[in-house]
Amino acid sequence: MKMLRAAADWWFTPMPDARVRVFRVVIYLFVVYDVLFIHNIAANHAHTGELYRPLEIAELLSLPQPTPVLITAVQWTLIASCLLSAAGWFPRVSGTIAFLAYFEWCIMSFSYGKVDHDRIALLVALAVLPTVGRALAADRTLSAAAGWALRCVQVAVIATYFLSAFAKFRFGGFDWANGATLVRAVFRRSTVFSEWMLDVPWVLHAGQWAILLMELSAPVIFLVALRWRYAMVGMFVAFHIATYMVITIVFLPHTICLVLAFLPTEKLVWWARDRFAALRGGRTGTAPPPGGAAAGAAPSASPSAPAAAAPAEGG
């Protein structure tokens with residue numbers, strides 16, 4: 001029972017509702033940009049049915065083969081539901097529709113030959129965000145619902161790293177780390193930052209081992225203190241920046257989920273709102289009293305006070 005209670009406490013650690021609000025706005029707007037400009041494989045292949053090879057899950061769910069009409073319908077349903085969700089309108093309904101539409105969009109796109117594992121955390125985020133319901137950026141309370149949603153995304157992000165290392169061992173063994181994996185990648189996608197590495201092969205060899213060690217050690221992020229957790233997030237972000245600079249591969253949706261789920265983005269929103277309130281008060285000649293309460297008013301109890309008083313995890 002103690003282990004179950006500890007596990008429940010970990011999964012449902014109260015976190016700021018405001019972080020979910022920031023997460024929701026950025027993620028839903030990114031999905032709109034994604035299906036229009038980045039991940040639009042299905043739309044580009046709408047008239048090439050002979051290239052379609054359905055994923056196993058598409059066959060399991062008996063999903064129809066994409067047609068131009070179906071692809072267009074899914075695309076614009078997804079865009080509309082994401083915009084509603086980003087605006088905070090009917091977040092449970094619109095968010096659920098957005099998840100189902102993006103899930104179908106990914107299945108259709110991946111059935112044309114390339115499965116992108118950098119969208120695992122994004123799919124998880126779309127699945128859990130509707131469970132939080134309405135969340136306001138100015139809300140400084142904490143809730144178990146926000147904690148559960150953010151924790152699910154955190155686990156998905158870290159599992160992507162760890163399972164990526166597992167896949168490397170499964171399909172390549174130690175040859176992945178000791179072979180010419182990065183040499184081949186640099187040959188195919190070299191940049192001005194990586195061409196010199198072909199003349200110093202030990203750098204690429206060491207890089208392969210560094211990648212494996214980083215991915216295998218990723219779960220440690222849940223065991224370290226908060227400041228070290230932020231440092232590990234910075235390390236992961238630096239890794240993705242370096243990957244883009246060296247071989248022009250970017251894991252953008254994964255990186256966005258990493259940053260938004262682990263870092264206290266809500267503090268930036270609160271700081272900006274406080275600064276705006278202070279500037280506004282300075283212009284009118286009347287600075288707002290501490291806490292935003294009217295002068296002389298007695299403090300009132302907030303119905304969300306118990307949640308705000310609960311222990312929180314900053315990341």
Side-chain angles (χ1 to χ4, degrees), residues 1-28 85 91-93 95-96 98-100 102-103 117-137 139-166 215-237 253-267 269 303-315:
M1 289 298 294
K2 288 184 178 180
M3 291 184 62
L4 290 176
R5 188 177 298 109
D9 290 343
W10 186 80
W11 277 103
F12 292 91
T13 301
M15 296 189 197
D17 286 335
R19 190 182 308 181
V20 173
R21 178 59 175 168
V22 174
F23 199 125
R24 174 179 291 158
V25 171
V26 176
I27 285 296
Y28 286 125
S85 298
R92 295 186 188 276
V93 176
T96 300
F99 163 68
L100 294 175
Y102 193 70
F103 185 57
H117 65 277
D118 64 339
R119 279 168 173 75
I120 295 175
L122 180 57
L123 275 170
V124 171
L126 293 176
V128 298
L129 281 175
T131 65
V132 182
R134 190 170 179 80
L136 301 176
D139 194 350
R140 296 178 185 253
T141 61
L142 313 171
S143 72
W148 180 80
L150 291 169
R151 184 70 81 196
C152 287
V153 181
Q154 291 176 353
V155 170
V157 167
I158 299 305
T160 300
Y161 289 122
F162 185 80
L163 294 177
S164 177
F166 177 79
E215 292 174 339
L216 288 172
S217 63
V220 174
I221 197 171
F222 294 118
L223 305 177
V224 297
L226 205 55
R227 61 178 178 177
W228 293 111
R229 188 171 305 175
Y230 293 157
M232 289 188 70
V233 171
M235 177 189 69
F236 292 138
V237 172
H254 177 89
T255 307
I256 291 174
C257 288
L258 165 72
V259 172
L260 294 180
F262 277 102
L263 299 186
T265 54
E266 70 282 354
K267 292 184 179 180
V269 177
S304 57
E313 176 182 312

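What you see below is based on every heavy atom in this structure, not just the backbone, and it leaves out hydrogens, waters and symmetry mates.
Atom OG1 in Thr160 sits 4.0 Å away from atom CD1 in Ile120 (nearest 0.5 Å). In this structure, CH2 on Trp10 lies 4.5 Å from CZ on Arg151, to the nearest 0.5 angstrom. Rounded to the nearest 0.5 Å, atoms OG (Ser143) and CZ (Arg19) are 11.0 Å apart. Atom CE of Met1 is separated from atom CE of Met3 by 12.5 Å, given to the nearest 0.5 angstrom. Summarising the geometry, atom CG belonging to Leu263 is positioned 11.5 Å from atom CZ belonging to Phe23; distances are rounded to the nearest 0.5 Å. Interatomic distance, CH2 of Trp228 versus CD1 of Ile221, reported as 13.0 Å (0.5 Å rounding).
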### Task
Take Val155 and Phe222 through the test side-chain contact (heavy atoms from CB on, under 4.5 Å) and record every step on the way to the result.
CA-CA 9 Å; Val155 170; Phe222 294 118; 4.2 Å; yes

task: May I have the step-by-step check of side-chain contact (heavy atoms from CB on, under 4.5 Å) for Val128 and Phe99, ending in yes or no?
output: CA-CA 9 Å; Val128 298; Phe99 163 68; over 6 Å; no

Exercise. Give the intermediate values and the outcome of side-chain contact (heavy atoms from CB on, under 4.5 Å) for residues Leu260 and Val26.
Key: CA-CA 9 Å; Leu260 294 180; Val26 176; 3.7 Å; yes

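In terms of heavy-atom proximity, Leu216 sits nearest to Ala165 at CD2-CB, 3.6 Å. Between Met232 and Ser217, the closest heavy-atom pair is CE-O, 4.0 Å. The shortest heavy-atom contact between Val157 and Ala121 is CG2-CB, 3.6 Å. For the pair Ser164 and Glu215, the tightest heavy-atom approach, listed with the atom from each and the gap, is OG-OE2, 3.3 Å. Smallest separation of non-hydrogen atoms from Asp17 and Ala146: OD1-CB, 3.4 Å. Closest of all the heavy-atom pairs between Ala156 and Val124 is CB-CG2, 3.8 Å.
Scanning for salt bridge (Lys or Arg N to Asp or Glu O under 4.0 Å) contacts around Arg24 gives an empty result, with sequence neighbours left out. For Pro130, the side-chain contact (heavy atoms from CB on, under 4.5 Å) criterion is met by Tyr28, Thr96, not counting sequence neighbours.
Without hydrogens or angle criteria, Arg92 side chain to Thr131 main chain gives a donor-acceptor distance under 3.5 Å. Checking side-chain atoms of Gln154 against main-chain N and O of Ala261 turns up a donor-acceptor pair under 3.5 Å. A donor-acceptor distance shorter than 3.5 angstrom exists from the side chain of Ser85 to the backbone of Gly95, with no hydrogens or angles considered.
Trp11 CH2: more than 12 foreign heavy atoms inside a 6.0 Å radius.
Proximity of the aromatic rings of Tyr161 and His254 is defined here by a centroid distance below 6.0 angstrom, and this criterion is met.
Counting heavy atoms from C-beta on, the side chains of Phe262 and Arg229 come closer than 4.5 Å. Residues Val233 and Leu258 are in side-chain contact: their nearest non-hydrogen atoms beyond the backbone lie under 4.5 Å apart. Counting heavy atoms from C-beta on, the side chains of Ile27 and Cys257 come closer than 4.5 Å.
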